[in-house]
Amino acid sequence: MAAKRILIIDDEDDIREVAQLSLEAVGGWEVATAASGMEGLEKAAAEQPDAILLDVMMPDMDGIATFQQLQANPATGHIPVILLTAKVQSADRQRFAQLGMTAAIDKPFDPMELADRVTEILGWNC
């Protein structure tokens with residue numbers, strides 16, 4: 001079985017690095033990263049990842065706007081998007097679900113459990 005490919009879109013260098021290391025080491029997946037919504041849109045279209053982990057609060061283009069553009073593009077609209085967010089209020093989660101996002105993972109996350117959370121959310125078998 002081919003390794004799953006994940007794209008992490010987050011403006012924080014430390015978060016990208018920790019999530020990438022975790023998903024590669026624990027999950028055994030191929031991980032690409034993007035530091036902005038615009039870069040993420042380009043990489044998602046070009047690389048066709050199996051899933052996207054998307055930060056909500058980013059400068060210029062936030063996670064919501066990035067998600068909406070991903071959905072509007074036929075090349076990326078089918079890719080499941082999981083939010084990485086410190087916005088953990090139930091109203092925020094309801095809003096994210098109404099927009100069609102697959103799920104949200106709270107920041108800070110446990111790097112050793114991140115791959116398991118993604119697997120569980122997406123119904124992937126390792």
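Sequence positions, counted from 1, serve as the residue numbers for this chain.
- Between W29 and R5, the closest side-chain pair of non-hydrogen atoms is not below 4.5 Å.
- Applying the salt bridge (Lys or Arg N to Asp or Glu O under 4.0 Å) criterion to D14, with sequence neighbours excluded, gives no partner residue.
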Result block: side-chain N/O donor-acceptor pairs under 3.5 angstrom for residues 71-80, not counting sequence neighbours:
residue, atom, partner, partner atom, Å
Q71, NE2, G77, O, 3.3
N73, OD1, A75, N, 2.8
T76, OG1, L70, O, 2.7
H78, NE2, Q48, OE1, 3.3

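- W124 and V31 end up in the same hydrophobic cluster when Ile, Leu, Val, Met, Phe, Trp and Tyr side chains are linked at under 4.5 Å.
- For the pair P49 and A44, the tightest heavy-atom approach, listed with the atom from each and the gap, is CD-O, 3.5 Å.
- A continuous path of ILVMFWY side-chain contacts below 4.5 Å connects L7 to L83, so both sit in one hydrophobic cluster.
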Show me the donor-acceptor pairs, under 3.5 Å and distance only, between side chains in residues 88-97 and residues at least two apart or in other chains.
residue, atom, partner, partner atom, Å
R93, NH2, D106, OD1, 2.1
R93, NH2, D106, OD2, 3.3

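- Listed here is the closest heavy atom pair of Q20 and I8: N-CD1, 3.6 Å.
- Between the CD1 atom of I9 and the CD1 atom of I15 there is a distance of 15.0 Å, given to the nearest 0.5 Å.
- Summarising the local packing, CD of E17 is surrounded by 12 or fewer heavy atoms from other residues, nucleotides or ligands at distances under 6.0 Å.
- Residues P111 and V18 come closest through the heavy atom pair CG-CG1, 3.6 Å.
- No continuous path of ILVMFWY side-chain contacts below 4.5 Å connects F67 to L84, so the two sit in separate hydrophobic clusters.
- Note: I105 CD1 to I82 CD1 = 5.0 Å, rounded to the nearest 0.5 Å.
- Closest non-hydrogen pair, L122 versus A51, comes out as CD1-CB, 3.5 Å.
- The side-chain heavy atoms of L23 and L114, taken from C-beta on, include a pair separated by under 4.5 Å.
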Can you give me every donor-acceptor pair (side chain of residues 52-66, partner residue at least two apart or in another chain, under 3.5 Å) with its distance?
residue, atom, partner, partner atom, Å
D55, OD1, K107, NZ, 3.0
D62, OD1, I64, N, 3.2
D62, OD1, A65, N, 2.8
T66, OG1, D62, O, 2.8

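- Taking a 4.5 Å side-chain heavy-atom cut-off between Ile, Leu, Val, Met, Phe, Trp and Tyr, the cluster of V26 extends to M112.
- A search for salt bridge (Lys or Arg N to Asp or Glu O under 4.0 Å) contacts involving E39 returns K43, not counting sequence neighbours.
- Between R117 and A104 the shortest heavy-atom distance is NH2-O, 3.8 Å.
- Taking every heavy atom of both residues into account, A3 and G28 meet most closely at CB-O, 3.6 Å.
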